[in-house]
Amino acid sequence: MARLLIVDDEAMLLQLLRRYLERQGHQVETAESAEAALAAYQEKASEFDAVIADLTLPGLNGEQLIGEMRQGNPKLPGIIASGYPYEPHLKNVAFLQKPFLPQMLAEQLQKTLKP
């Protein structure tokens, strides 16, 4: 399965998504800010298969965060989640409207990870 980095400033949502995705067989790391996510990513960039990020994070938004991470790995796929309508500007970045069911995330992740 995949190694994922999930970034959201809602701690309870992070834990819920982490538990669900780990039950699906994925390895999951979480971060509550763009800054923490960048630090985790820089340490282990080659280990992550995808990033799932909230659109509205303090500092960088989710898509800007994925753009920063792609400087080290241009093919890194991502999923942006938000309660606001949004159209991603980066290639290989999907959008998932909040609120969503965990199964909806799993389905979008499967599509995102396909080569």
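Every value quoted in this text rests on a predicted model; they were computed, and no experiment measured them.
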Trainee: In Å, rounded to the nearest 0.5 Å, how long is the span from CG of D54 to OG1 of T56?
Mentor: 4.0 Å
Trainee: Rounded to the nearest 0.5 Å, what separates atom CZ in R19 from atom CD in Q24?
Mentor: 14.0 Å
Trainee: Please determine whether side-chain contact (heavy atoms from CB on, under 4.5 Å) holds for the pair I6 and V51, giving the CA-CA distance in whole Å, both sets of side-chain angles, and the decisive distance to 0.1 Å.
Mentor: CA-CA 6 Å; I6 305 176; V51 176; over 6 Å; no
Trainee: Please examine the side chains of L90 and R70, heavy atoms only from C-beta on, and report whether any two atoms are closer than 4.5 Å.
Mentor: yes
Trainee: Hey, is the main chain of Q64 close enough, under 3.5 Å, to the side chain of N61 for a donor-acceptor pair?
Mentor: yes
Trainee: Between Q97 (side chain only) and G83 (backbone N and O only), is there a donor and an acceptor less than 3.5 Å apart?
Mentor: yes
Trainee: Is it possible for you to say whether L101 and L105 belong to one hydrophobic cluster, with membership spreading through side-chain heavy-atom contacts below 4.5 Å?
Mentor: yes
Trainee: Among the clusters formed by ILVMFWY side chains lying less than 4.5 Å apart, do F100 and V7 turn up in the same one?
Mentor: no
Trainee: Can you find a side-chain donor-acceptor pair between Y86 and E63 that sits under 3.5 Å?
Mentor: yes
Trainee: Should the heavy atoms of other residues, nucleotides or ligands under 6.0 Å from CD of E47 be counted, would the total exceed 12?
Mentor: yes
Trainee: Please assess Y20 against Q103 for the test side-chain hydrogen bond (donor to acceptor under 3.5 Å, both in side chains), listing each intermediate value before the final yes or no.
Mentor: CA-CA 9 Å; Y20 178 79; Q103 179 61 32; 3.0 Å; yes
Trainee: Quick one: does H26's side chain have a donor or acceptor within less than 3.5 Å of a partner on M1's backbone?
Mentor: no
Trainee: Side-chain contact, heavy-atom cut-off 4.5 Å: L21 with L109?
Mentor: yes
Trainee: Please report the interatomic distance CG(D9) to CG(L14), rounded to the nearest 0.5 Å.
Mentor: 8.5 Å
Trainee: Inspect the contact between K111 and E107 and indicate whether a charged nitrogen and a carboxylate oxygen are less than 4.0 angstrom apart.
Mentor: no
Trainee: Working to the nearest 0.5 Å, report the span between CG of L113 and CD1 of I79.
Mentor: 7.0 Å
Trainee: Is any side-chain heavy atom of E68 less than 4.5 Å from a side-chain heavy atom of L60?
Mentor: yes
Trainee: Drop me the distance from L5's CG to D49's CG, to the nearest 0.5 angstrom.
Mentor: 11.5 Å
Trainee: Find out whether L65 and L38 are in side-chain contact, i.e. whether some heavy atom of one side chain is under 4.5 Å from a heavy atom of the other.
Mentor: yes
Trainee: Where is the tightest heavy-atom contact between A53 and G62, given as atom of each residue plus distance?
Mentor: CB-CA, 4.0 Å
Trainee: May I ask you to say whether K98 pairs ionically with D8, meaning some side-chain N is under 4.0 Å from a carboxylate O?
Mentor: yes
Trainee: Do L76 and L55 sit in the same hydrophobic cluster, where Ile, Leu, Val, Met, Phe, Trp and Tyr count as joined when their side-chain heavy atoms come under 4.5 Å apart?
Mentor: yes
Trainee: R18 versus Q15: any side-chain heavy-atom pair under 4.5 Å?
Mentor: yes
Trainee: Got a second to check how far M69's CE is from Q71's CD, nearest 0.5 Å?
Mentor: 11.0 Å
Trainee: Does E29 pair with K44 as a salt bridge, N-O distance under 4.0 Å?
Mentor: yes
Trainee: Looking only at heavy atoms, which two atoms of A34 and P58 are closest? And how far apart?
Mentor: CB-O, 4.2 Å
Trainee: Could you walk me through whether K75 and N73 pass the side-chain contact (heavy atoms from CB on, under 4.5 Å) check?
Mentor: CA-CA 6 Å; K75 294 182 180 181; N73 179 2; 4.0 Å; yes
Trainee: List the atom of T112, the atom of A94, and the distance in Å for their closest heavy-atom pair.
Mentor: OG1-CB, 4.0 Å
Trainee: Quick one: do L96 and I80 end up in the same hydrophobic cluster if we chain Ile, Leu, Val, Met, Phe, Trp and Tyr together by side-chain heavy atoms under 4.5 Å apart?
Mentor: no
Trainee: Report whether F48 and V93 are members of the same hydrophobic cluster (ILVMFWY, side-chain heavy atoms less than 4.5 Å apart, transitive linking).
Mentor: yes
